[in-house]
**Student:** 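Below is a structure I'd like to ask you about.
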Amino acid sequence: MATFLYSIGRFAFRRRRLVALVWVALLAIAGVGAATASTATSNSFSIPGTEAQRAFDLLEERYPGQSADGASARVVFKAPEGEKITAPENAAEVSGIVKELQDGSDQIASVADPFDKKAPAVSRDGTTAYISVTYDVSSFELTEETRDSLKNAGNDAREGGMTVEIGGDALMVMPETGITEVIGVVVAGIVLVITFGSLVAAGLPLITALIGVGIGVSAITALASVMDLGSTTATLAMMIGLAVGIDYALFIVSRYRAELAEGREREEAAGRAVGTAGSAVVFAGLTVVIALAGLTVVNIPILTKMGLAAAGTVVLAVLVAITLIPAFLGFAGERIVSRKDRKARKAAAEQAAATGEVLVGDAPRDNGGTRWSRFVQRRPVMVLLAGVIGLGVIAIPAASLEMGLPDDGAQPTSTSPRKAYDLLSDGFGPGFNGPLVGVVDLKNSDDQDAVLQRITGEIQKNDHVAIVTPPAPNEAGDTATFQVIPKDRPNSTETETLVHDIRDLGDTLKSEDGAEVYVTGATAMNIDFSEKMNDALLPYLALVVGLAFLLLMVVFRSILVPLKAALGFLLSVVAALGAVVAVFQWGWLGGLFGVEQPGPIMSVMPILMVGVVFGLAMDYEVFLVTRMREAYVHGESPSEAITTGFRHGARVVTAAAVIMIAVFAGFIGSSEQMIKMIGFGLAIAVFFDAFVVRMAIVPAVLALLGKRAWWLPRWLDRALPDFDVEGDKLRKKLDGDAAEGGSGKEERETVSV
């Protein structure tokens, strides 16, 4: 592996114009594809294998022509204080708005008058009413004229003293991340400047990361309509791609500068940097890809697409790192090193020439990393206990985790959708915003009317039910639908119990009457989604951790080091989940992070954090511990190897972690609750994993284990493939070539890194 990547690095350095041209061409092609592709028209959401999805599929089959993908909206009215919405003046105003909406757009499918006697939509106290609006197209296909017509509905009524608010998905737009995303990239740039002391060295990881992300996101945009990719797919890919792209470039550029400091020629330094640090990048990227691609085992299409799209962006980041980085290093010349270091190196070369000494590179110097590693090795038990107990305390809120999917009730209280949600809850009851849709398959039933009466009668007796609407059969008479309005909030445990009670009733009816009863609707879909996430979490965790454990065992030639890496990850991800619960569910420090309305944690959050954070956590494990393994293989004691690993890796890993945290934190400013929560969760998880687990717990455990950390049974060592991640075979080959050359600069170079 190292020898192969060494050749790639030298080739890219020599043929830098060709390599750069290929990547720029790919970026242009992807950009043109994104610009000319049709806009994604749906954010379809399906959960194969669940009852809610089976009911949804049955509705599409038995009610042809009724699209479930069309946008919808509710225009909610509340009469002025002391008045009724049914008063002649107010009723006339609302009916006028119904007519206005019907004539406002040709994308309208239907507009339901709240005063229609067949389906009234007026609260019992007569103060609140709503207009239901449905469209022929999805929210992403609505024209601006259609949106404006909806937004302006009720302006005259507002001026007359009525409260008018609009909810539903018709006004849904692509989420905005806000200025904080830009701030995250700026922070990354500042950290790179501080780390390298050179604007050229700092700018290179940013430019290459943006090229990789640009290609990835443009490709996703180009394929969004064809592959039905959701709006969050590109955002997640951008988030992961930026973070790993900058980090991978950072590690290779840092290694390149270290090779230059050893006195090597630029092309040789580029080859060695890609051969050694590039090997770590490949394996680190592979762990991220395994974690993201592993989301396919959950068998939820939207999650599968998000994972595969993000994994593709990571693959691009790896390819950019091992090809475009060495090409850009060729363009950068000596400017990749800070002016101060260039002057110092020039002075040392002049002195060596004057005295006749051989210049062999800079001697190893103590830095913050070496001092910290020695402190940890002096007090390993104290550091280990402090790290484990600290993360354990932060993880406590995770025990109170409540999962669900956000609806308008999770929106900030200042928004119109949230105000409409609250008006409906106040006027019609807490469960009105989460109706359950009952679907009855009557094909195998003999007495259909009796079955429907029995079903609705039994459901109405349930203590958690407010209203059951009369069943509405289809034209063929083989299917009927009805609505159940719960008494409780959509995301409450009582509503979840109600869903299971209706399904249990359906099982009884199927055995007695042959009729099948399903429960679907947004609320039931959310409940099924959460349960599926819970059921998939442990198998997914076992798959991802198991595969990564095998991969790390190949990299480190050890059993205990991968085991320690996996356990450390579990500790950091549970602590991060505890922090997410504290902020987004309990509301602690919610104002600081823009959380106006605490509520359940998104069902997808735990499994997504496991997938993404595991891959990213293994990045730091590979980059930091590979240096230790490299030093140990070359004869250093376990204690010296830890110090060497921190001498070369601590500053770079710290910078990489700060950059990744800044990039993820940039998405906390998103207007979309899901993106905000993911950004916070990943940022805090990287903080815990990089600075507590990898920088404190890992060296403490390695110090306590000593030589046992690198133990591997001989039979297993022979069975495992050797990819030469440390570059040992590469060094032997290069040293042999230098010896055969007899003389020259390469022969005089110090090989230690």
**Student:** Quickly, which of Val376, Val383, Leu571, Leu702 forms a side-chain contact (heavy atoms from CB on, under 4.5 Å) with Ile697? Name it, please.
**Tutor:**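 When Val376, Val383, Leu571, Leu702 are each tested with Ile697, the side-chain contact (heavy atoms from CB on, under 4.5 Å) holds only for Leu571.
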**Student:** Among pairs that include at least one residue of residues 602-615, which meet side-chain hydrogen bond (donor to acceptor under 3.5 Å, both in side chains), considering only residues two or more places apart or in two chains?
**Tutor:**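 Qualifying pairs: Ser530-Ser603.
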**Student:** Applying salt bridge (Lys or Arg N to Asp or Glu O under 4.0 Å) as the test, list every pair that has at least one member in residues 685-697; sequence neighbours left out.
**Tutor:**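 Residue pairs passing salt bridge (Lys or Arg N to Asp or Glu O under 4.0 Å), neighbours aside: Glu621-Arg694, Asp689-Arg694.
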**Student:** Under 3.5 Å, sequence neighbours excluded: what are the donor-acceptor pairs made by side chains of residues 577-587?
**Tutor:**
residue : atom : partner : partner atom : Å
Gln585  : OE1  : Glu402  : N            : 2.9
Gln585  : NE2  : Ser400  : O            : 2.7

**Student:** Arg374: what forms a side chain to side chain donor-acceptor pair (under 3.5 Å) with it, not counting sequence neighbours?
**Tutor:**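 Result, side chain to side chain donor-acceptor pair (under 3.5 Å) vs Arg374: Asp366.
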**Student:** Take a 6.0 Å sphere around CZ of Phe687 and say whether it holds more than 12 heavy atoms from other residues, nucleotides or ligands.
**Tutor:**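 It does not: Phe687 CZ has 12 such atoms or fewer within range.
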**Student:** Determine, step by step, whether Phe13 and Val274 satisfy the side chain to side chain contact (heavy atoms under 4.5 Å, CB included) criterion, reporting the C-alpha distance in whole Å, the side-chain angles of both residues, the deciding distance to 0.1 Å, and the verdict.
**Tutor:** CA-CA 10 Å; Phe13 187 95; Val274 175; over 6 Å; no
**Student:** For Thr415, give me all partners under side chain to side chain donor-acceptor pair (under 3.5 Å), at least two apart in sequence or on another chain.
**Tutor:**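 For Thr415 there are no side chain to side chain donor-acceptor pair (under 3.5 Å) partners, ignoring immediate neighbours.
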**Student:** Hey, what do you get for CE (Met695) to CH2 (Trp372), rounding to the nearest 0.5 Å?
**Tutor:**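 If we round to the nearest 0.5 Å, Met695:CE and Trp372:CH2 are 8.5 Å apart.
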**Student:** Counting only pairs under 3.5 Å, give me each side-chain donor-acceptor contact of residues 607-614, with atom names and distances, residues two or more places apart or in other chains.
**Tutor:**
none

**Student:** As an exercise, state the distance from CG of Leu295 to CG of Leu303, rounded to the nearest 0.5 Å.
**Tutor:**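 Going from CG on Leu295 over to CG on Leu303, the span is 5.0 Å.
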**Student:** For a quick test of reading the model, state the closest non-hydrogen atom pair linking Ile661 to Ala683 and the distance between them.
**Tutor:**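 Heavy-atom minimum between the residues: CG1-O, 3.7 Å.
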